Amino acid sequence: MMEIKVLTLFPNFFDSFKETSIIKRALDKESVQFTAINFRDYTLDKHNNVDDTICGGGAGMLLACQPIVDALKANTKANSKVVMLSPQGKKMTQKLVRELAEHDDIVLLCGHYEGFDERIRDYVDEEVSIGDFVLTGGEPAALVLSDAIIRLRDGVIRSDSHEDDSFENGLLEYPQYTRPVEYDGKKVPDVLMSGHHENIRKWRLKESLRKTYLRRPDLLDGRTFTSEEQKLLQEVMDEENKKQTSNDENQ
Ligand code: 4GX
């Protein structure tokens, strides 16, 4: 049993997420609980404000300590992992998702405006960014992170359908096809229709390596290769370099 609590000014943001497809199924089975909590419910301010102007001047507002820290204290236990979504956080990767998915109680903190009073970070275990771009608030980031965590928890997705996923093995996924065998003159590769399981496995591994080499060579840098992968990657590099050379000659 895992629980994810999102502390947010906009709990309704998560309604369609909770009610859709695989996430809905996981929540229905009660292997995962997901709750969106409004931290405005915790403000002691007479006008229900949760934000204030920035000390020292400058444009914009910051989320203030009292409502946020009180909301955190009311919704965390000794074993809770408190995660703040922010562009200043550690970049989200599948490795980070796997680590977070080990925790049974996760509290996600979504900010707006210019973010949080710096002192709130003393109550946070991890600051996570979903990428180097700017969102209007932490909610879409919390949704992305929750989605990736929930699908890793037991029984959400067949586990053999994880293993070939991009990033689970450090490579991008190989090309996949469904019927018809020919569409608009484009054929499904013969090997995939051959029924020869070993040839299919080899082809998929090679095409995974090709896609990764062409699109995300950075993923290959930090990876160790089996001798089979090394050989297939060399073939891919030779093939792609040859293509490039003949393209150059025709320029
Ligand atoms: N990955 N944003 C959060 C407000 C804010 C600012 C500073 C904390 C500190 C984002 C991202 C993201 C925009 C959400 C600023 N909160 N969050 N918001 N990229 O861009 O996670």
Side-chain angles (χ1 to χ4, degrees), residues 2-18 20 23 32 34-43 45 47-76 80-103 105-153 165-167 216 218-219:
M2 154 182 258
E3 183 165 16
I4 299 178
K5 282 162 282 195
V6 186
L7 302 187
T8 169
L9 282 176
F10 303 98
N12 298 137
F13 182 92
F14 300 91
D15 288 353
S16 66
F17 173 66
K18 287 189 290 185
T20 306
I23 299 302
V32 185
F34 181 94
T35 322
I37 296 157
N38 195 331
F39 49 66
R40 199 181 296 281
D41 294 346
Y42 293 86
T43 184
D45 177 83
H47 298 110
N48 262 2
N49 288 330
V50 293
D51 59 338
D52 209 336
T53 54
I54 300 172
C55 296
M61 304 286 271
L62 279 181
L63 291 159
C65 290
Q66 181 275 318
I68 305 297
V69 174
D70 285 357
L72 278 175
K73 285 181 172 166
N75 292 287
T76 51
S80 298
K81 182 81 170 172
V82 179
V83 178
M84 175 189 282
L85 286 310
S86 134
Q88 297 145 57
K90 181 194 282 186
K91 191 89 68 76
M92 180 180 162
T93 60
Q94 192 61 21
K95 176 169 177 284
L96 181 60
V97 172
R98 279 193 295 265
E99 286 164 14
L100 291 174
E102 301 278 314
H103 296 267
D105 195 87
I106 297 179
V107 177
L108 302 180
L109 196 49
C110 302
H112 268 259
Y113 320 112
E114 315 324 305
F116 298 89
D117 185 304
E118 188 67 20
R119 293 167 290 187
I120 293 170
R121 290 190 168 79
D122 290 349
Y123 306 84
V124 169
D125 299 311
E126 193 109 59
E127 201 168 331
V128 173
S129 167
I130 65 161
D132 291 339
F133 38 77
V134 184
L135 303 170
T136 59
E139 287 77 12
L143 191 152
V144 166
L145 185 57
S146 297
D147 186 279
I149 291 170
I150 291 170
R151 76 182 277 286
L152 283 189
R153 291 296 289 215
D165 283 350
S166 294
F167 303 116
R216 292 294 306 277
D218 59 300
L219 294 178

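If you're wondering where the values come from, they're calculated on a predicted model, not measured in any experiment. For the single chain, residues carry numbers from 1 onward in sequence order. Order of appearance sets the numbers: ligands from 1, and atoms from 1 within every ligand.
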*Asks:* What's the shortest distance from atom 3 (C) of ligand 1 to any protein heavy atom, and which residue and atom give it?
*Replies:*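 Result: Gly138 N, 3.8 Å.
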*Asks:* Would you say the side-chain atoms of Thr43 pair up with the backbone N or O of Pro67, donor to acceptor, closer than 3.5 Å?
*Replies:*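 Pair absent, no side-chain N/O of Thr43 close to backbone of Pro67.
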*Asks:* Could you grab the distance from atom CG of Asp125 to atom NE2 of His103, nearest 0.5 Å is fine?
*Replies:*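 Interatomic distance, Asp125 CG to His103 NE2, rounded to 0.5 Å: 8.0 Å.
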*Asks:* Give the numbers and elements of all ligand 1 atoms closer than 4.0 Å to a heavy atom of Phe133.
*Replies:*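 Counting atoms of ligand 1 from 1, those under 4.0 Å from Phe133 are 19 (N), 20 (O).
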*Asks:* Measuring from Thr35:OG1 to Asn75:CG, what's the distance to the nearest 0.5 Å?
*Replies:*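 If we round to the nearest 0.5 Å, Thr35:OG1 and Asn75:CG are 8.5 Å apart.
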*Asks:* Under 4.0 Å from any heavy atom of Ala141, which atoms of ligand 1 are there?
*Replies:*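 By the 4.0 Å cutoff, the relevant atoms are 17 (N), 21 (O).
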*Asks:* Any nitrogen or oxygen of Met84, side chain or backbone, less than 3.5 Å from one on ligand 1?
*Replies:*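 Between Met84 and ligand 1, no N or O pair is found under 3.5 Å apart.
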*Asks:* Considering Gly115, Gly111, Gly131, which one's heavy-atom position lies nearest to atom 18 (N) of ligand 1?
*Replies:*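 Ranked by closest heavy atom to atom 18 (N) of ligand 1, first place is Gly111.
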*Asks:* Compare every heavy atom of Ala64 with every heavy atom of Ile120, then report the nearest pair and how far apart it is.
*Replies:*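 For Ile120 versus Ala64, the nearest heavy atoms are CD1-O, 3.7 Å.
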*Asks:* Can you confirm whether more than 12 heavy atoms, excluding those of Phe13, are under 6.0 Å from its CZ atom?
*Replies:*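 Atom CZ in Phe13 is packed in, count exceeds 12.
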*Asks:* Which protein non-hydrogen atom lies closest to atom 13 (C) of ligand 1, naming both residue and atom, and how far is it?
*Replies:*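 In this structure, atom 13 (C) of ligand 1 has Leu135 O, 3.1 Å as its nearest protein heavy atom.
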*Asks:* Numbering the atoms of ligand 1 from 1, which are under 4.0 Å from a heavy atom of Glu114?
*Replies:*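 What qualifies from ligand 1 is 6 (C), 7 (C).
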*Asks:* How does Lys91 reach ligand 1, by side chain, by backbone, by both or by neither, if only non-hydrogen atoms under 4.0 Å count?
*Replies:*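 The answer is neither; Lys91 stays 4.0 Å or more away.
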*Asks:* Any idea which of Ile130, Asp132, Val134, Val128 brings a heavy atom closest to atom 1 (N) of ligand 1?
*Replies:*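 It is Ile130 that holds the nearest heavy atom.
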*Asks:* Answer side chain, backbone, both or neither: which part of Gln88 comes under 4.0 Å from ligand 1, heavy atoms only.
*Replies:*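 Answer for Gln88: side chain.
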*Asks:* Of all the non-hydrogen atoms in the protein, which one sits nearest to atom 2 (N) of ligand 1, and at what distance?
*Replies:*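 The answer is Pro87 CD, 3.7 Å.
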*Asks:* Angle class for the Phe17/Phe34 ring planes (parallel below 30°, perpendicular above 60°, tilted otherwise)?
*Replies:*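 The rings of Phe17 and Phe34 stand perpendicular, inter-plane angle above 60°.
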*Asks:* Heavy-atom contacts with Phe116 under 4.0 Å: which atoms of ligand 1 show up? List them by number with element.
*Replies:*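 Contacts of ligand 1 toward Phe116, numbered from 1: 8 (C), 16 (N).
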*Asks:* In a check of side chain to side chain contact (heavy atoms under 4.5 Å, CB included) between Leu145 and each of Ile4, Val6, Leu100, which one passes?
*Replies:*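 Option passing the side chain to side chain contact (heavy atoms under 4.5 Å, CB included) with Leu145: Leu100.
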*Asks:* Between Asp45 (side chain) and His47 (backbone), is there a donor-acceptor pair under 3.5 Å?
*Replies:*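 Present.
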*Asks:* Check for me whether Met92 has a heavy atom closer than 4.0 Å to any atom of ligand 1.
*Replies:*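 In this structure, Met92 fails to qualify as a contact of ligand 1 - no heavy atom is under 4.0 Å.
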*Asks:* List ligand 1 atoms under 4.0 Å from Arg121, heavy atoms only on the residue side.
*Replies:*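 Ligand 1 atoms under the 4.0 Å threshold to Arg121: 9 (C).
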*Asks:* Counting only heavy atoms closer than 4.0 Å, does ligand 1 sit against the backbone of Ser86, its side chain, both, or neither?
*Replies:*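 Both backbone and side chain of Ser86 come within 4.0 Å of ligand 1.
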*Asks:* Under 3.5 Å, side chain of Gln66 to main-chain N/O of Tyr42, donor-acceptor pair present?
*Replies:*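 Looks like yes, one N/O pair under 3.5 Å.
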*Asks:* Would Lys95 and Glu99 count as a salt bridge (charged side-chain N to carboxylate O under 4.0 Å, His left out) if you check the C-alpha gap in whole Å, the side-chain angles of each, and the deciding distance to 0.1 Å?
*Replies:* CA-CA 6 Å; Lys95 176 169 177 284; Glu99 286 164 14; 3.3 Å; yes
*Asks:* Out of curiosity, is Glu139 lining ligand 1, as in a heavy atom under 4.0 Å away?
*Replies:*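 Glu139 does not count as a contact of ligand 1 under the 4.0 Å cut-off.
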